[in-house]
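Take a look at the structure below.
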Amino acid sequence: MDHADCIFCKIVRGEIPCAKVYETDEVLAFLDIAPVAPGHALVIPKAHHVNLFDLPEALGGRLFAALAPVAAAIQAATGATGINVQMNNNAAAGQVVFHAHLHLIPRREGDGLRLWPGHPYADAAAMEAMAQAVRQAIASGR
Ligand code: 5GP
Ligand code: ZN
């Protein structure tokens, strides 16, 4: 289940050191080497899965279950008063390491980090057409 050349698999195998903060049989969390803010952590499945699209449902559930306790601990340790959970899936979304991982990014009021801007739909019909396209994709299993 692990990949010889994958950097996060190497971390799981102990071949590359990491600043570990949490571990279960299936999940590992460690500090990001280039944090958005100190305490920024990555929560990963120990098994190699590329991203959201090939993550088994039960494992995704266990990954998600780790988020709240690790996020709460990061808040306690850093004094942050909020946490962003971010997952980049595929290169177009900024994924650089192709072993599934969730970012936990500690936040505080006025820290200046800007999230993505919103661009409203042209009108209600355009929004409904998009919803229809997504519903059709779900119905056809895509
Ligand atoms: P992505 O853009 O794929 O979601 O983010 C990958 C993250 O992994 C980046 O934030 C990067 O700093 C982090 N990272 C890459 N290599 C290593 C490493 O060897 N050790 C640790 N701790 N983090 C890493
Ligand atoms: Zn891997």
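Both counts, for ligands and for their atoms, begin at 1 and track the order of listing. Worth knowing before you read on, the calculation uses all heavy atoms, side chains too, and leaves out hydrogens, waters and symmetry mates.
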Write the atom name of the N, O or S atom in His48 that is nearest the Zn ion (ligand 2).
ND1
The atom name of the N, O or S atom in His99 nearest to the Zn ion (ligand 2) is ND1
Test side-chain contact (heavy atoms from CB on, under 4.5 Å) applied to Pro69 - qualifying residues, sequence neighbours left out:
none
What I'd like to find out is whether the side chain of Glu26 reaches to under 4.5 Å of the side chain of Leu59, using heavy atoms alone.
yes
Review item, side-chain donor-acceptor pairs of residues 125-132, under 3.5 Å, at least two apart:
from: Glu128; atom 1: OE2; to: Arg135; atom 2: NH2; distance (Å): 2.6
from: Gln132; atom 1: OE1; to: Arg135; atom 2: NH2; distance (Å): 2.9

His99 side chain reached by Pro45 side chain, heavy atoms, under 4.5 Å
yes
Backbone or side-chain N/O/S of Cys9 under 2.8 Å of the Zn ion (ligand 2)
yes
So which heavy atom on Arg108 is nearest to which on Thr81, and how close?
CA-OG1, 3.8 Å
Sort out the contact shell of ligand 1: every protein residue with a heavy-atom distance below 4.0 Å, listed by chain and number.
Ile7, Phe8, Ile11, Phe30, Leu31, Asp32, Ile33, Ala34, Leu42, Asn88, Gly94, Gln95, Val96, Val97, His101, His103
Whichever hydrophobic residues join Leu113 through chains of side-chain contacts under 4.5 Å:
Val36, Ile105
Which atom of Asn88 lies closest to which atom of His103, heavy atoms considered:
ND2-NE2, 3.8 Å
